[in-house]
Amino acid sequence: GQQVMQIPQYQHVQEGEDFTTYCNSSTTLSNIQWYKQRPGGHPVFLIQLVKSGEVKKQKRLTFQFGEAKKNSSLHITATQTTDVGTYFCAGRGSGNEKLTFGTGTRLTIIP
Amino acid sequence: NAGVTQTPKFRILKIGQSMTLQCTQDMNHNYMYWYRQDPGMGLKLIYYSVGAGITDKGEVPNGYNVSRSTTEDFPLRLELAAPSQTSVYFCASSPNVGSGAQETQYFGPGTRLLVL
């Protein structure tokens, strides 16, 4: 079955440093989505990428979908304490009604 | 719109007991999902539904059952609770899947279940 892995599992950064999490799928994806989950909260949708090589930005967040549509990344520039949480990617295979969530990257910020 | 609501927020069960986790969405979404999230882990799909009257198994369906008699409601039934079912359960809904549509999944606040 489809597997989606994320690295790193944990990341501790000083406030103001950059942060990147990487997502890799065992199969080609029709789209990939990113979610953020604050401690004790529920996942909240951030963005969806569909096209090969697509890059989207949301303020300090940059999302990228690989050319082969099997990997993706999320980069946060100049982290802030509000960025704390776990970031999940979720991939959908072609003709598949189910999303497969990645293992997540937990980001903590050192003030 | 209230979005996706779940009840109860927290429950303690004894081994062998049963319970139903309620999930309701008021966004008229066709697609609904149940996930479990173990401490420090990702989300695993238990069951999903593509519309009223249609359900299908996800990655970890054993020990659970679902029904989808209406578009709004998607209850999850636990029969013979076991300690391995201690987890946080999230219900989610989505308006569209596939064909390049925006596929946002909206999550409920979760139900924390402890089986002792």
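Here is the naming used below: chain letters follow the sequence lines, and residue numbers restart at 1 for every chain.
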**Prompt:** Cut-off 3.5 Å, side chains only: do A:Tyr87 and A:Gln11 have a donor facing an acceptor?
**Reply:** no

**Prompt:** Looking just at side-chain N and O atoms, do A:Thr62 and A:His75 make a donor-acceptor pair shorter than 3.5 Å?
**Reply:** no

**Message:** Under 4.5 Å from any heavy atom of chain A, what part of B:Gln37 do you find: side chain, backbone, both or neither?
**Reply:** side chain

**Prompt:** Considering heavy atoms only, which positions within residues 32-39 of chain A lie below 4.5 Å of chain B?
**Reply:** A:Gln33, A:Tyr35, A:Gln37

**Item:** Interface moiety of B:Leu43 toward chain A, non-hydrogen atoms closer than 4.5 Å
**Value:** both

**Prompt:** Does the ring center of B:Tyr106 lie less than 6.0 Å from the ring center of B:His29?
**Reply:** yes

**Prompt:** Quick one: of A:Pro43, A:Gly104, A:Gly41, A:Gly40, who has the most non-hydrogen atom pairs under 4.5 Å with chain B?
**Reply:** A:Pro43

**Message:** Distance alone, cut at 3.5 Å: any donor-acceptor contact between the side chains of B:Tyr64 and B:Arg36?
**Reply:** yes

**Message:** If only side-chain N and O atoms count, and only distance matters, is there a donor-acceptor pair under 3.5 Å linking B:Thr55 with B:Arg68?
**Reply:** no

**Message:** Main chain of B:Gly110, side chain of B:Gln6: is a donor-acceptor contact present, judged purely on distance under 3.5 Å?
**Reply:** yes

**Message:** Could you check whether A:Asn31 and B:Glu103, counting side-chain N and O atoms only, form a donor-acceptor pair closer than 3.5 Å?
**Reply:** yes

